[in-house]
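Written below as structure tokens is the structure these notes are about.
Counting from 1, the numbers follow the sequence of the chain as shown.
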Amino acid sequence: MNVSIIDVIVIAIYLIGISAFGIWIGFRRHASTDQYFLANKSLGWFTVGAAVFTSNISTIHLVGLAAGGTKDGLVIGNFEWMACLTLILLALLFAPFYINSKVRTLPEFMERRYCPSARTFLAFIGIIGALLIHIGISLFAAAKIFESFLGVPMVVTIIVLSLFTVTYTALGGLKAVVMTENIQVCLLLGGAMLVTVLGLRALPSVGVPDLATFKAAVAPGQLHMLHPVVNAQGHLSEFSWLGVLLGYPILGIWYWCADQTHVQRVLAARTLRDGQNGALFAGFLKITPVFLMVLPGVIGYVLWQKGAFQLAKVAGTNDPDYNTMLPALINYL
């Protein structure tokens, strides 16, 4: 392990501080179900929007979008911008149904709309989805980052993060979760902005002083948001504009409009207008990852190709491991 005393102090202060804040803001000795699941319907639009955005953005996005920017370019950002449209659907179509029905969770909505079996089925799907999509992969990605930077074993990171998160979530309920997410959205966007700015400032040192030189240094099509249906080799493009347009809504509408993790924040809004404006604000925030999380991958590609740093290889191959771009870029900067 390569952990200094300063590293330990910073990590400990953050984990203890965020947990104490969550418990202080959300804990009630005899909390009702409305207080626990809906934060007593007290959330304004800003809090709702920041919480919806942060419940989506995590280490997965920081690592994955930088890797995607390195390998495929800005086209990966279409998945972020398409989310803006589905969040508009959440605000205009889904939120009024959910909030006006006065339900505490989406499974409860399904029970009222259909039957108890539908509630049980959706609850089961929600738990499995949370474990495999939201919680499991997020913890794994965070553990990989700590391992890359500090040499901390993955199991240690997963156990420590889980214990702190479970503590303030169980004791503080939804209000603890959304208020800590409001702090974390500032850290996420602030850190991503810092990496982007420092990356741009590092380009002149490798002979890329202006935009024209930068365009010449990137891979073909790496700065294009729209890819043709058929590529130059006559094959279907992996991320063609048509594929993104037709494919994204299938998962996007479920992910943003019918998934418990995100919709729960909207259900806790003070009024229907706060819930709708919060969803729209989250859509506005989803514009930023293209510039603050995908673009650093493109910048990292140029720095890597110019010999500023090296990427690790995929185990057992000679291929670069693009998932190590963000840690490598941060270490270099």
Side-chain angles (χ1 to χ4, degrees), residues 52-84 86-87 129-149 154 157-158 161 181 184-185 187-196 199 218-219 221-225 227 238-239 243-244 247-248 250-252 254-256 259 261-262 282 285-304 309 311-315 317 319-333:
V52 170
F53 176 77
T54 314
S55 65
N56 166 241
I57 296 292
S58 67
T59 322
I60 304 171
H61 276 70
L62 295 174
V63 174
L65 290 180
T70 305
K71 182 176 180 290
D72 301 299
L74 295 184
V75 67
I76 296 297
N78 281 308
F79 296 100
E80 300 302 302
W81 283 358
M82 287 289 287
C84 302
T86 48
L87 282 163
L131 290 173
L132 298 181
I133 299 172
H134 299 294
I135 301 173
I137 301 176
S138 294
L139 286 173
F140 177 78
K144 288 293 289 184
I145 290 290
F146 270 88
E147 187 177 51
S148 299
F149 286 142
M154 292 182 61
T157 299
I158 290 172
L161 291 181
E181 285 175 339
Q184 291 171 54
V185 72
L187 294 174
L188 284 166
L189 294 179
M193 186 181 299
L194 183 61
V195 171
T196 305
V218 301
Q222 202 170 17
L223 294 179
H224 295 169
M225 290 290 292
H227 285 194
E238 186 176 7
F239 299 110
V244 173
Y248 180 86
I250 296 173
L251 287 177
W254 161 76
Y255 186 78
W256 291 108
D259 178 50
T261 303
H262 308 300
L285 291 176
K286 287 296 285 182
I287 297 173
T288 60
V290 174
F291 306 104
L292 302 182
M293 299 176 194
V294 183
L295 181 58
V298 180
I299 296 170
Y301 172 85
V302 174
L303 293 171
W304 168 48
F309 58 85
L311 286 185
K313 303 292 184 181
V314 176
T317 73
D319 300 325
D321 185 358
Y322 296 113
N323 288 320
T324 63
M325 173 53 76
L326 183 65
L329 182 61
I330 292 175
N331 276 326
Y332 173 71
L333 296 176

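- Annotation: the span from Trp256 atom CH2 to Cys84 atom SG amounts to 9.0 Å, rounded to 0.5 Å.
- Rounding to the nearest 0.5 angstrom, the gap separating the NZ atom in Lys144 from the CD1 atom in Ile60 is 14.5 Å.
- Phe291 has its side chain out of reach of Thr196: every pair of non-hydrogen atoms, C-beta onward, lies at least 4.5 Å apart.
- In this pair, Phe239 and Phe79 present their aromatic rings perpendicular. The plane angle is above 60°, beyond the 30 to 60° band.
- Judged by distance alone, the side chain of Thr317 and the main-chain N or O of Val314 form a donor-acceptor pair under 3.5 Å.
- Here CD1 of Ile135 is found 11.5 Å from OG of Ser58. Values are rounded to the nearest 0.5 Å.
- Around the CZ atom of Phe140, the shell of radius 6.0 Å holds no more than 12 heavy atoms that belong to other residues, nucleotides or ligands.
- For the pairing with Asn56, the side-chain hydrogen bond (donor to acceptor under 3.5 Å, both in side chains) check across Lys286, His262, Glu80 returns one residue only, Lys286.
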| task | Please assess Phe53 against Glu181 for the test side chain to side chain contact (heavy atoms under 4.5 Å, CB included), listing each intermediate value before the final yes or no. | result | CA-CA 9 Å; Phe53 176 77; Glu181 285 175 339; over 6 Å; no

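- Side-chain atoms of Thr70 come within 3.5 Å of backbone atoms of Gly297 as a donor-acceptor pair (strictly under, hydrogens ignored).
- Residues Ala282 and Val52 come closest through the heavy atom pair CB-CG1, 3.7 Å.
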| said: Apply side chain to side chain contact (heavy atoms under 4.5 Å, CB included) to residues Met225 and Trp81 and explain how you reach the verdict. | reply: CA-CA 11 Å; Met225 290 290 292; Trp81 283 358; 3.5 Å; yes

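- Residues Leu62 and Met293 meet the side-chain proximity criterion, which asks for heavy atoms closer than 4.5 Å.
- Residues Tyr248 and Thr86 are in side-chain contact: their nearest non-hydrogen atoms beyond the backbone lie under 4.5 Å apart.
- Side-chain contact between Thr157 and Glu147 is absent, with no heavy-atom pair separated by less than 4.5 Å.
- Contact detail for Val63 and Asn323: the closest heavy-atom pair is CG1-O, 3.4 Å.
- For the pair Ile145 and Pro327, the tightest heavy-atom approach, listed with the atom from each and the gap, is CD1-CG, 3.7 Å.
- In this structure, the side chain of Gln222 does not engage the main chain of Val298 through any donor-acceptor pair within 3.5 Å.
- In this structure a side-chain-to-backbone donor-acceptor pair under 3.5 Å is present from Asn78 to Val75.
- Between Leu329 and Phe309, some side-chain heavy-atom pair lies under the 4.5 Å cut-off.
- Residue Leu333 comes nearest to Gly199 through the heavy atom pair CD1-N, 3.7 Å, listed as atom of the first residue, atom of the second, then distance.
- Between atom OG1 of residue Thr288 and atom CG of residue Leu189 there is a gap of 5.0 Å, rounded to the nearest 0.5 Å.
- For Ile57 against Leu188, the heavy-atom pair with the smallest separation is O-CD1, 3.7 Å.
- Going from atom NE2 of His61 over to atom CG of Leu292 covers 13.0 Å, rounded to the nearest 0.5 Å.
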| query | Given the rule in the side chain to side chain contact (heavy atoms under 4.5 Å, CB included) test, do Val290 and Leu295 qualify, once you have shown the distances and angles that lead to the verdict? | reply | CA-CA 6 Å; Val290 174; Leu295 181 58; over 6 Å; no

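- Contact annotation: the side chain of Ile137 never approaches that of Leu132 to less than 4.5 Å [non-hydrogen atoms, C-beta and beyond].
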| said: One pair to check against side chain to side chain contact (heavy atoms under 4.5 Å, CB included): Asp321 and Leu311. What are the steps and the verdict? | reply: CA-CA 7 Å; Asp321 185 358; Leu311 286 185; over 6 Å; no

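- Closest approach of Pro296 and Val195 over heavy atoms only: CB-CG1, 4.2 Å.
- Taking 4.5 Å as the limit, every side-chain heavy atom of Thr59 sits out of range of all side-chain heavy atoms of Ser138.
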